[in-house]
Amino acid sequence: MIPWPDIRTVLLDMDGTLLDLRFDNYFWQEYLPLRYAERHGLRADQAADQLAKLIEAERGTLNWYCTDFWSDALQIDVIALKREVSDRIAPRAGAERFLTWLRASDRRGLLVTNAHRDTLEIKLERVGWDGVFCEIVSSHDYGHAKESPEFWHAFSSAVDCEPETTLLIDDNEEVLDAAAAHGIRHLLTVTRPDSGLPPRAQPRFSAFDHFSELLPPEP
């Protein structure tokens, strides 16, 4: 599936790619509405409805991923709530083995995520991936979400990587569209970002489920 001899740099998304999106879906769709309802004296269904509308309005923007924005907008400490349920954070199937293989190869592995730095700290600490990546890039560093061309212009100015020999693995197809428009040649997506949900139907990019599918055959 992947022409590994042609790949020198691997850009890896975090949520829904390396980490199971089940945590994020639980947090935003179940746990946060529950705590928001308690904080503001609402019924659970009222809280869920209000939050769904507020969150959907920011989809695709940097605010959608910004814990500072949501803490201010909702008048609740989002990071503190994430820590309360951080035991639910888990890698996707085969991710750790793949990262071990990538580090042993002569390729650069970069974490490139829309997650806020505060969220990054919680998640990487939980899974013990400190020092695993050559570099960690948050879109908040550049002020633009990965879905936007502005992010990729800023990224290419700051990070030395050749688009022709770069692979991006991301569960978000809008991010892959933006990367493709910028010239990233090798693109791959995930069929099942949330292990609790069925595989996505007909992804527009080459896709995989388990990271073992990406490893080259052993000699």
Quiz item: Under the 3.5 angstrom rule, does the side chain of W28 hit a backbone N or O of A52 as a donor-acceptor pair?
Solution: no
Quiz item: CG/D194 to CG/D15 distance, rounded to the nearest 0.5 angstrom?
Solution: 11.5 Å
Quiz item: If you measure only the distance, is there a donor-acceptor pair under 3.5 Å linking the side chains of T17 and D170?
Solution: no
Self-check item: Of all pairs that satisfy ring pair (Phe, Tyr, Trp, His ring centres under 6.0 Å), the ones with a partner from residues 81-127, not counting sequence neighbours
Solution: W4-W101, F98-W101, F98-F211, H116-H140
Practice problem: Show the numbers, then the answer: is there a side chain to side chain donor-acceptor pair (under 3.5 Å) between H182 and S156? | Solution: CA-CA 9 Å; H182 191 69; S156 61; 3.2 Å; yes
Self-check item: D6/R185 under salt bridge (Lys or Arg N to Asp or Glu O under 4.0 Å): CA gap, chis, key distance, verdict
Solution: CA-CA 10 Å; D6 301 334; R185 180 175 182 181; 5.8 Å; no
Quiz prompt | Check: R22/Y26 side-chain N/O donor and acceptor closer than 3.5 Å | solution = no
Quiz prompt | Backbone of A90 reached by a side-chain donor or acceptor of D20 within 3.5 Å | solution = no
Quiz item: How many angstroms lie between CG in L74 and NE2 in H40, if you round to the nearest 0.5 Å?
Solution: 6.5 Å
Exercise. Walk me through it: do R59 and E56 pass the test salt bridge (Lys or Arg N to Asp or Glu O under 4.0 Å)?
Key: CA-CA 5 Å; R59 182 179 291 276; E56 184 59 30; 3.0 Å; yes
Exercise. Establish, from distance only, whether the side-chain atoms of Y65 and E58 form a donor-acceptor pair under 3.5 Å.
Key: no
Quiz prompt | L19 side chain near V127 side chain, heavy-atom distance below 4.5 Å | solution = yes
Quiz item: Is there a side-chain contact (heavy atoms from CB on, under 4.5 Å) between R204 and D177 once you walk through the steps?
Solution: CA-CA 10 Å; R204 293 187 289 109; D177 285 334; 2.8 Å; yes
Quiz item: With respect to I169, which candidate in L176, L11, L12 satisfies the side chain to side chain contact (heavy atoms under 4.5 Å, CB included) definition?
Solution: L12
Quiz prompt | Nearest-0.5 Å distance that lies between atom NE2 in H144 and atom NE2 in H153 | solution = 10.0 Å
Self-check item: Beyond-backbone contact of D141 with R117, side-chain heavy atoms, under 4.5 angstrom
Solution: yes
Exercise. Determine, step by step, whether W70 and I55 satisfy the side-chain contact (heavy atoms from CB on, under 4.5 Å) criterion, reporting the C-alpha distance in whole Å, the side-chain angles of both residues, the deciding distance to 0.1 Å, and the verdict.
Key: CA-CA 9 Å; W70 290 115; I55 292 170; 3.9 Å; yes
Quiz item: Using a distance-only test with no angle check, is there a side-chain donor-acceptor pair under 3.5 angstrom linking D24 and Q29?
Solution: no
Quiz prompt | Between T189 and D171, a side-chain donor and acceptor under 3.5 Å | solution = no
Quiz item: Given the rule in the side-chain contact (heavy atoms from CB on, under 4.5 Å) test, do I7 and T166 qualify, once you have shown the distances and angles that lead to the verdict?
Solution: CA-CA 6 Å; I7 305 297; T166 296; over 6 Å; no
Practice problem: Using modelled atom types only, decide if a donor and an acceptor are shared between the side chain of R107 and the backbone of V10 within a distance under 3.5 Å. | Solution: no
Exercise. May I ask you to say whether K82 pairs ionically with D118, meaning some side-chain N is under 4.0 Å from a carboxylate O?
Key: no
Quiz item: Between D209 and R192, is the closest basic N to carboxylate O distance under 4.0 Å?
Solution: yes
Practice problem: Please examine the side chains of E135 and V159, heavy atoms only from C-beta on, and report whether any two atoms are closer than 4.5 Å. | Solution: yes
Practice problem: Would you mind checking if D87 and R126 are paired as a salt bridge, meaning a charged N to carboxylate O distance below 4.0 Å? | Solution: no
Exercise. Give a yes or no on this: more than 12 heavy atoms of other residues, nucleotides or ligands lie within 6.0 Å of atom CG of D130.
Key: no
Quiz item: Is the closest side-chain heavy-atom distance between R92 and S195 below 4.5 Å?
Solution: no
Quiz item: Can we say R8 and D106 salt-bridge, meaning some charged N sits less than 4.0 Å from an Asp/Glu carboxylate O?
Solution: yes
Quiz item: Under 4.0 Å between a Lys/Arg side-chain N and an Asp/Glu carboxylate O for R35 and E84?
Solution: yes
Exercise. Check the angle between the aromatic planes of F133 and W129 and answer parallel, tilted or perpendicular using the 30° and 60° thresholds.
Key: perpendicular
Quiz prompt | R97, CZ: over 12 other non-hydrogen atoms inside 6.0 angstrom | solution = no
Quiz item: Run the side-chain contact (heavy atoms from CB on, under 4.5 Å) check on L42 and Q50 step by step: do they pass?
Solution: CA-CA 10 Å; L42 301 170; Q50 286 185 19; 3.8 Å; yes
Quiz item: Rounded to the nearest 0.5 Å, what separation is found between the CD atom of E213 and the CD1 atom of I2?
Solution: 10.0 Å
Self-check item: Heavy-atom donor-acceptor pair, T191 side chain to F208 backbone, under 3.5 Å
Solution: yes
